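One structure is given below, encoded as structure tokens.
Computed from heavy atoms alone, side chains included, the values below leave out hydrogens, waters and symmetry copies. Keep in mind that what you see is a predicted model, and the values were worked out from it rather than measured. Ligands are counted one by one from 1 in listed order, and the atoms in each one are counted from 1 as well.
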Amino acid sequence: MSPTRPVRLALLGCGTVGTEVVRLLHEQADDLTARIGAPLEIAGIAVRRLGRDRGDLPVDPSLFTTDALGLIKRDDVDLVVEVVGGIESARTWLVEGLRAGKSVVTANKALLAEDGGTLHDAAAEGNADLYYEASVAGAIPLLRPLRESLHGDRVTAVTGIVNGTTNFILSSMATTGAGFNEALEEATELGYAEADPTADVEGFDAAAKAAILASLAFHTRVTAADVFREGMTGVTAGDMASAKEMGCTIKLLCIAQRRDDTVSVRVHPAMIPLSHPLAGVGDAFNAVFVETEAAGPLMFYGRGAGGRPTASAVLGDIVAAARNKLSGTRAPSESNYAKLRVRPIGESLTRYHISLDVAERPGVLATVAGVFAQHEVSIATVRQSGRADDAKLVIVTHSAPDAALAATVEELASLDIVRSIASVLRVEGGAG
Ligand SMILES: NC(=O)C1=CN([C@@H]2O[C@H](COP(=O)(O)OP(=O)(O)OC[C@H]3O[C@@H](n4cnc5c(N)ncnc54)[C@H](O)[C@@H]3O)[C@@H](O)[C@H]2O)C=CC1
Ligand SMILES: N[C@@H](CC=O)C(=O)O
Ligand code: NA
């Protein structure tokens, strides 16, 4: 294309992120033109409903259309920017655009984690770019470092807080004692939550991000179905209080680890010591540790959710894709040569914090300890409190295969002397 002709983009979606993309395109138009070497122009904006009052959004109303596919197919569209979300329609749009040689910028982690392979294949077919920095950890530049800067190194682990909504809720529960519903409502108002916040609180959103991170880090296609997922709706005020007593807090973590030629990828709430760097990551902030063989530990921190921070990442990708268009080049394509086996959760090494209500009579502790021994799970600490019917045991284990820990908990639950299992939490980072 001629360097003087504007680069024209089809914007799909004008919600929390889409409106901020429009604003940034408007506010930074001159700088963007200088950085790209040609102006960026919005060719059209696909929305669900026409005629909605969009306040002071700096855009010509005639650009709105409800025909996303028709917009993508237009000859004057160079780039497709998708900030709608969801799977089916988005997949159709993006595959159509990529196959036709239109580069794509998307924030859609759900689609990338479910069927990223189809998008990457379509990008290769159409010789187009597929950028998705906003899909994981919002504004934080994380995917480009994994996709480019660290390609001379071997990543061994990626651990982090990658969901802003749940971090906002857990931080509120830990610091102000706010209730779950109240904190979720506030996170939704602030534009952090997904259209269906179940995706946040049940860990689906973090699991999608974990799959994307693991795919990039380990040069292996990892999908959401490969990720062990447990949400944070089971975390109670009691768990938080118990964590506090032990000098810990609770965070929803994404953990992807390489061991030999296998990887494990999991998302679950975990107890971590207050001295752990992730413990201090509050509000809707995200933080991700990347450990590599040569570089050692790297930490990425910033805003993982919210319209404007996410739009920043989208704009960065738009600039990269527009520059490539103008110079007739393409970003590095998908790297999935390693094809490592994904280990099931049962094979992952974890530690458990188990809180039990038990009968207070001689031999109870020995019986409980015997169950751990039988499953070859070693106990790190035991605390007993209360008397008579109120006796409570808090046990923290050493690291063991998750399957052995789960079997231990199952057997404990079946004992007469165990009145109830008050909580089971995994432990990370030396807590306990
Ligand atoms: N809000 C955030 O903090 C972040 C969001 N994302 C992702 O960005 C994407 C968009 O998220 P939000 O802006 O928060 O969602 P949103 O729900 O605020 O916006 C989506 C917009 O798409 C529109 N839409 C639905 N169906 C459509 C159709 N057929 N044609 C055209 N428009 C249609 C909706 O009316 C809505 O305005 C999602 O994939 C989300 O996972 C990624 C990172 C952060
Ligand atoms: N709902 C997500 C938005 C960003 O990806 C979150 O809360 O992190
Ligand atoms: Na990012």
Side-chain angles (χ1 to χ4, degrees), residues 10-22 44-50 52 54 57 64-72 80-90 92-94 105-114 131-147 160-170 183-184 187-209 212-213 216 232 252 254 267 283-288 300-317:
L11 178 63
L12 315 182
C14 198
T16 304
V17 179
T19 52
E20 294 305 323
V21 168
V22 171
I45 305 177
V47 293
R48 192 159 40 186
R49 265 184 310 117
L50 293 176
R52 223 185 98 189
R54 294 181 191 273
L57 198 65
F64 290 107
T65 169
T66 53
D67 179 11
L69 203 53
L71 172 61
I72 293 163
V80 177
V81 179
E82 186 264 320
V83 282
V84 171
I87 307 287
E88 295 308 333
S89 301
T92 306
W93 299 331
L94 300 193
V105 173
T106 177
N108 192 335
K109 52 266 164 124
L111 174 59
L112 282 154
E114 172 150 324
Y131 280 109
Y132 44 100
E133 183 60 74
S135 68
V136 183
I140 306 173
L142 175 62
L143 303 194
R144 202 91 56 92
L146 282 171
R147 197 173 163 172
I161 294 170
V162 293
N163 183 269
T165 302
T166 49
N167 202 46
F168 184 85
I169 297 170
L170 289 169
L184 175 56
T188 305
E189 271 165 29
L190 290 165
Y192 303 150
E194 293 302 300
D196 175 2
T198 314
D200 297 295
V201 299
E202 294 298 352
F204 291 101
D205 179 78
K209 291 164 175 168
I212 295 169
L213 288 174
L216 291 171
M232 51 71 69
L252 185 73
C254 139
V267 164
D283 203 69
F285 279 86
N286 285 189
V288 179
F300 298 82
Y301 172 84
R303 291 200 181 275
R308 201 161 169 89
T310 305
S312 160
V314 171
L315 261 288
D317 282 354

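Here A134 has backbone heavy atoms under 4.0 Å from ligand 1, and that is the only part of it that gets that close. Of the heavy atoms in A305, both backbone and side-chain atoms come closer than 4.0 Å to ligand 1. At a heavy-atom cutoff of 4.0 Å, ligand 2 is contacted by no atom of N286, backbone or side chain. With a heavy-atom cut-off of 4.0 Å, S135 does not touch ligand 2 at all. For V47, every heavy-atom contact with ligand 1 shorter than 4.0 Å involves the backbone, none the side chain. The backbone and the side chain of N163 each have at least one atom closer than 4.0 Å to an atom of ligand 2 (non-hydrogen atoms only).
At least one heavy atom of A46 sits less than 4.0 Å from an atom of ligand 1.
Proximity to G306 (heavy-atom distance under 4.0 Å) selects the following atoms of ligand 1: 2 (C), 3 (O). For ligand 1, the atoms closer than 4.0 angstrom to any heavy atom of N108 are 39 (O). Atoms of ligand 1 lying under 4.0 Å from any heavy atom of G15, numbered from 1 in the order shown and given with element: 13 (O), 18 (O), 19 (O), 21 (C), 37 (O). Numbered from 1 in the order shown, with element, the atoms of ligand 1 that lie under 4.0 Å from a heavy atom of E194 read 40 (C), 41 (O). Near G191, meaning under 4.0 Å from any of its heavy atoms, are these atoms of ligand 1: 1 (N), 2 (C), 3 (O). For ligand 2, the atoms lying closer than 4.0 Å to a non-hydrogen atom of G164 are 6 (C), 7 (O), 8 (O). The G85 neighbourhood of ligand 1 comprises atoms 38 (C), 39 (O), with distances under 4.0 Å to a heavy atom of that residue. Remark: ligand 1 atoms within the under-4.0 Å shell around heavy atoms of W93 are 28 (C), 29 (N), 30 (N).
Residues passing the side-chain hydrogen bond (donor to acceptor under 3.5 Å, both in side chains) test with R303, sequence neighbours excluded: none.
By the 3.5 Å distance cut-off applied to N or O atoms, A305 is not counted among the residues near ligand 2.
Angle OE2(E133) to the Na ion (ligand 3) to O(V136), rounded to 10°: 120°.
Looking at atom 14 (O) of ligand 1, its nearest protein heavy atom turns out to be T16 CB, 3.6 Å. Protein heavy atom in closest approach to atom 34 (C) of ligand 1: R48 NH2, 3.9 Å.
For the pair C14 and R54, the minimum side-chain heavy-atom distance is below 4.5 Å.
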| message | If you apply the rule side chain to side chain donor-acceptor pair (under 3.5 Å), what do you find for D67 with T65, and how did you get there? | response | CA-CA 5 Å; D67 179 11; T65 169; 5.3 Å; no
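Minimum heavy-atom separation, V80 to L12: CG1-CD1, 3.6 Å.
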